[in-house]
There are 2 protein chains.
Amino acid sequence: MRPNKRDELVRKALDVFYREGFNATGMDKLVAETGISKTSMYKHFRTKEDIILAVLRLRDERFRNWFCRRIEEIAEGPKDRLLAIFDVLQEWFETPEFKGCMFIKAVSEFQDPENPIHIQSATHKQMLLEYVEDLATQAGLQNPAALARQLMLLKEGAIVLAVMQGNAEAGRDAKAAATSLIAAA
Amino acid sequence: MRPNKRDELVRKALDVFYREGFNATGMDKLVAETGISKTSMYKHFRTKEDIILAVLRLRDERFRNWFCRRIEEIAEGPKDRLLAIFDVLQEWFETPEFKGCMFIKAVSEFQDPENPIHIQSATHKQMLLEYVEDLATQAGLQNPAALARQLMLLKEGAIVLAVMQGNAEAGRDAKAAATSLIAAA
DNA sequence: GATTTAGTGTACCGATCTGTACATATTTGA
DNA sequence: TCAAATATGTACAGATCGGTACACTAAATC
C-alpha cells in the first residue's frame, strides 16, 4: 500500500462529490465508487465532514494550480493575463467533465456561515481574488483591488450561467465584459 | 379552511427550503415547521419533488415581481433602470433574510440537466435575462442582447460573492462595473 | 340531518443515512 | 520469520429518509 489509501480516497471522493453532490453521496456509495472499505475511511477521517474538507483542500490546490499556471502559459504581461483569465475559464467550461464550481455548490449545501465547509469555500474564492489583485497591481492600473473584484464578479457569474444554460457562451460574454472593464481602468 | 392549505404549505415550505436547503429538509421537518399534516401534503402533491417545483414557481413569481417592480419604482428611463438593477440587488443583499439565490442553490443540489428542478431554475434566469434585454433595447443601445448578458453575469456573480463573503460589498462592485459597461455600450 | 370533503394523528414500510464493532486478511519492516 | 501496522468484509445500531395505511374529526353542502 505505497500510494497512501488516504490520498487515494480523497482523490476518488473528489470525483464522486463533484458529480453527485455532497449530501446526495452516502458513505456506502463512496465505498462502492472508491473500492476502499468503510473501516479504512473512518480510520483516516473522523467524520464525513472531515472527508469533504480534505476533498475541498485538494480541489483548491488543484484548481488554483491549474488556473494560474494556465493563465501564465497563454499570456505574458500582467494586463494580458487579466484578460487571459477568461480564456482559461472558457477552456474549463468546454471540458466534458465541467459541472460548475465545487465551492459554490458546497456553500449551497452547507449554508451556515459558521460551517467549516462554508468557511473553507469562501477562503478559496478569497485566494483567487488575491491572485487577480496581484495581476492588476502589476499591470499598473489605478485601483487594482476594485478592478480585481469586478473581474471576479464576471468569473463567478459566468460559472453560474454556464451551468444554468448548459453551454460555454457565458465565457465569451465574460471576456467581452472584462475587455471593457480593463480598458476603462 | 378557506385559505387553501396547499398554498399555505407552499408558502411555508419556501421559507424552510430557503433557510435549510432542499435535501437537508426532510418531510418530517416540513410537517414540524408548517404545522400541516403529512397526509395533507401527499393529498396535494405526489412527491417531495412536486412540492419543490411548486415552491420554485412561487419564488420565481414573487422574486420577479418584486425585482422588476422595484426597478421601475426607483428609476424612470430604461438606461437608468439598467443601473437600478444593482441598487435593487443591493437592497436584497441587505435584507436580513438574504441567503443567496434559491435557483442557484437548487441547481447545485439537482445537477442533472434533465431534472425538472434544474430546468425550472434555468427558466427563471432566462426570464430575468429577457427582462433586462428589453430594458437595454428600450434604452436604444447597440447590441442590447450582449449588454444584457454581461449585466446578468455581474448580477449572478454578485449574488455568489455576497453569500461567500457574508456581506453586501459585492453589490457595490457590481454597480460600479455595470456603470462602466453601460457607458461603453 | 345525512353526506361529502378536507384535514389530522399515529403508526408504520422498506430503504438509506452516518458511524461502530469485530474478526479476518494482507502488507510491511526489523 | 514474526510482529506490528493497515487493510478488509460483514453485520449492525439508531436515526432519518420519502411515502402509505387507516381510523378519526371538523366543516361545508345538499
Side-chain angles (χ1 to χ4, degrees), chain A residues 1-57 105-106 108-112 114-118 120, chain B residues 1-57 105-106 108-112 114-118 120:
Chain A
M1 293 297 151
R2 254 16 247 291
N4 205 332
K5 279 277 169 190
R6 197 200 111 109
D7 295 349
E8 187 187 343
L9 166 60
V10 175
R11 276 198 313 273
K12 291 182 172 172
L14 194 154
D15 292 340
V16 186
F17 283 135
Y18 185 59
R19 273 188 287 113
E20 319 269 347
F22 298 100
N23 285 321
T25 303
M27 295 304 293
D28 288 328
K29 180 171 235 164
L30 224 47
V31 171
E33 299 252 357
T34 64
I36 294 167
S37 68
K38 209 192 278 196
T39 319
S40 237
M41 291 182 181
Y42 279 99
K43 211 158 269 171
H44 288 298
F45 298 95
R46 278 177 41 265
T47 60
K48 181 186 179 184
E49 180 177 290
D50 283 352
I51 300 181
I52 294 176
L53 287 169
V55 162
L56 291 181
R57 258 188 298 276
K105 294 192 283 190
S108 295
E109 293 205 53
F110 306 95
Q111 299 194 64
D112 180 359
E114 311 254 332
N115 187 309
I117 295 174
H118 188 110
Q120 197 168 304
Chain B
M1 295 298 151
R2 254 19 248 285
N4 205 333
K5 280 278 169 189
R6 197 200 111 109
D7 295 348
E8 188 188 341
L9 166 60
V10 175
R11 276 198 314 272
K12 290 182 172 172
L14 194 154
D15 291 340
V16 185
F17 283 135
Y18 184 58
R19 272 188 288 113
E20 319 268 348
F22 298 99
N23 285 322
T25 303
M27 294 305 293
D28 288 327
K29 180 170 236 165
L30 224 48
V31 171
E33 299 252 358
T34 65
I36 294 168
S37 68
K38 211 193 275 196
T39 318
S40 237
M41 292 183 182
Y42 280 98
K43 212 158 270 169
H44 288 298
F45 297 95
R46 279 177 42 262
T47 61
K48 182 186 179 185
E49 180 177 289
D50 283 352
I51 299 180
I52 295 176
L53 287 170
V55 162
L56 291 180
R57 256 188 299 275
K105 295 191 283 189
S108 295
E109 293 205 54
F110 306 95
Q111 299 194 64
D112 179 0
E114 311 255 330
N115 187 309
I117 296 173
H118 188 110
Q120 197 169 303

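A note on names: the letters A, B, ... follow the listed sequences, proteins ahead of strands, and every chain is numbered from 1.
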Atom [atom1] of [X] and atom [atom2] of [N]: how far apart are they, to the nearest Å?
X	N	atom1	atom2	result
A:Ile36	D:dG9	CD1	C1'	15 Å
B:Glu8	C:dA6	CD	C1'	13 Å
A:Met27	D:dG14	CE	C1'	17 Å
A:Met41	D:dG9	CE	P	11 Å
B:Phe22	D:dT16	CZ	P	22 Å
B:Asp7	C:dG7	CG	C1'	15 Å
B:Asp28	D:dA15	CG	P	14 Å
B:Lys29	D:dG18	NZ	C1'	16 Å

Between atom [atom1] of [X] and atom [atom2] of [Y], what is the distance when rounded to the nearest 0.5 Å?
X	Y	atom1	atom2	value
B:Glu33	B:Lys29	CD	NZ	6.5 Å
B:Phe110	B:Glu49	CZ	CD	7.5 Å
A:His44	A:Leu9	NE2	CG	7.5 Å

Below 4.0 angstrom from OP1 or OP2 of C:dA6, is there any side-chain N or O of B:His44?
->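 No, no such contact exists.
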Any B:Ser37 side-chain N or O less than 4.0 Å from OP1/OP2 of C:dG7 =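 For C:dG7, OP1/OP2 do not have a side-chain N/O of B:Ser37 under 4.0 Å.
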Classify the side chain of B:Thr47 and the base of D:dG18 as holding, or not holding, a donor-acceptor pair under 3.5 Å.
->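 Such a pair does not exist between side chain and base.
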Looking only at N and O atoms, is any donor in the side chain of B:Lys48 or the base of D:dG19 less than 3.5 Å from an acceptor on the other one?
->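 No, no donor-acceptor pair under 3.5 Å.
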Contact nearer the 5' end of DNA chain C, comparing A:Thr39 with A:Ala24 |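 Its nearest nucleotide being more 5', the pick is A:Ala24.
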A:Asn23 or B:Gly35, whichever maps to the more 5' nucleotide of DNA chain C =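 The answer here is B:Gly35.
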Tell me which nucleotide among [options] gets nearest to the side chain of [X].
X	options	answer
A:Lys5	D:dC17, C:dT8, D:dT8	D:dT8
A:Lys43	C:dG7, C:dG9, D:dT8	D:dT8
B:Lys38	D:dG9, D:dA7, D:dG18	D:dG18
A:Tyr42	C:dT20, D:dC17, C:dA21	C:dT20

With a cut-off of under 6.0 Å to the ring centre and 45° to the axis, is B:Lys48 in cation-pi contact with B:Phe22?
->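 No, cation not above the ring by the 6.0 Å, 45° rule.
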Ionic contact status for A:Glu8 with A:Lys5, cut-off 4.0 Å =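 So A:Lys5 pairs with A:Glu8 through a salt bridge.
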